[in-house]
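Below you'll find the structure, written out as structure tokens, and then a few comments.
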Amino acid sequence: MKKFEDAIDYPLITKEEIKKRNRELGQQITNDYKNKNENLLIIGILRGAVMFLTDLVKEIEIPVQIDFMAVSSYGNSSTSSGIVRIIKDLEEEVEDKNILIVEDIIDTGLTLKYISENLKARGAKSVRIATFLDKIERRKVDVRADYVGFNIPDEFVIGYGLDYAQDYRNLPYVAVLKHSIYE
Ligand code: 5GP
């Protein structure tokens with residue numbers, strides 16, 4: 001039987017910190033979009049962003065629409081190739097809409113670069129990015145998030161939607177994975 005304790009090196013971000021930060025981001029997003037008087041379509045990137053998205057949207061005080069996309073990197077999983085495959089596409093049209101992409105974590109930036117360019121090419125009116133976590137020092141391409149939950153060091157983290165080999169997504173806070181699990 002797998003146990004959380006066996007996988008966790010140390011806790012990095014607590015439940016309380018996440019709740020507080022989501023409230024702040026929700027306020028910021030509300031303020032940025034409330035006077036636009038236009039639709040906001042939130043696009044969650046499956047599966048890692050689900051927890052962040054569901055908590056964040058409840059803190060946004062204007063009506064929004066929600067859709068989801070799932071992507072995967074081509075080839076070798078340990079080295080991001082930058083070539084992204086859409087596994088599940090949107091159900092909504094994006095043309096002329098204000099889009100807010102909601103992602104779990106930005107690492108090299110390759111995934112989000114592809115997704116945001118793809119949405120712009122489909123005629124989105126505006127594309128912004130909200131990421132729960134950001135590992136800015138690992139960036140390979142110039143992708144900047146408009147809303148960042150937390151900047152974190154270059155460690156592999158699990159919890160609050162983030163997995164290791166599909167496990168640990170339901171850990172209700174963020175923790176650093178023990179190196180012995182993947183080394
Ligand atoms: P990028 O294209 O920015 O290099 O990759 C972003 C994706 O890599 C994230 O959506 C996530 O799936 C994965 N990733 C990067 N760092 C971590 C991490 O520390 N923990 C987990 N669980 N996934 C990560």
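One-based numbering, in listed order, for ligands and for the atoms of each. Sequence positions, counted from 1, serve as the residue numbers for this chain.
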- Task: Using a 4.5 Å cut-off on heavy atoms from C-beta on, say whether the side chain of Leu90 contacts that of Leu119.
- Result: yes
- Below 4.5 Å, heavy atoms only, C-beta onward: do Leu171 and Leu162 meet side chain to side chain? no
- Message: Please enumerate all residues that pass salt bridge (Lys or Arg N to Asp or Glu O under 4.0 Å) together with Arg138, with sequence neighbours excluded.
- Response: Asp107, Asp154
- Carboxylate-amine/guanidinium contact Asp163 Arg169, below 4.0 Å: yes
- Salt-bridged, Glu16 to Lys20, with N to O below 4.0 Å? no
- Message: I'd like to know if the side chain of Thr30 pairs up with that of Gln27 as donor and acceptor (distance under 3.5 Å, no hydrogens or angles considered).
- Response: no
- Option nearest atom 17 (C) of ligand 1 (shortest heavy-atom distance, choices Glu155, Arg47, Arg169, Lys135): Lys135
- Nearest non-hydrogen contact to atom 11 (C) of ligand 1 from the set Leu133, Val141, Ile105 belongs to Ile105
Contact partition for [X] relative to ligand 1, non-hydrogen atoms under 4.0 Å:
| X | result |
| --- | --- |
| Arg138 | neither |
| Asp104 | side chain |
| Glu103 | side chain |

- Message: List ligand 1 atoms under 4.0 Å from Asp163, heavy atoms only on the residue side.
- Response: 21 (C), 22 (N)
Heteroatom proximity flag, [X] to ligand 1, N/O under 3.5 Å:
| X | answer |
| --- | --- |
| Leu112 | no |
| Gly109 | yes |
| Thr111 | yes |

- Query: Is ligand 1 less than 4.0 angstrom away from at least one heavy atom of Tyr164?
  - Reply: no
- Do Tyr160 and Asn170 pass the side-chain hydrogen bond (donor to acceptor under 3.5 Å, both in side chains) test, and can you show the C-alpha distance, the side-chain angles, and the key distance before you say yes or no? CA-CA 6 Å; Tyr160 198 65; Asn170 66 318; over 6 Å; no
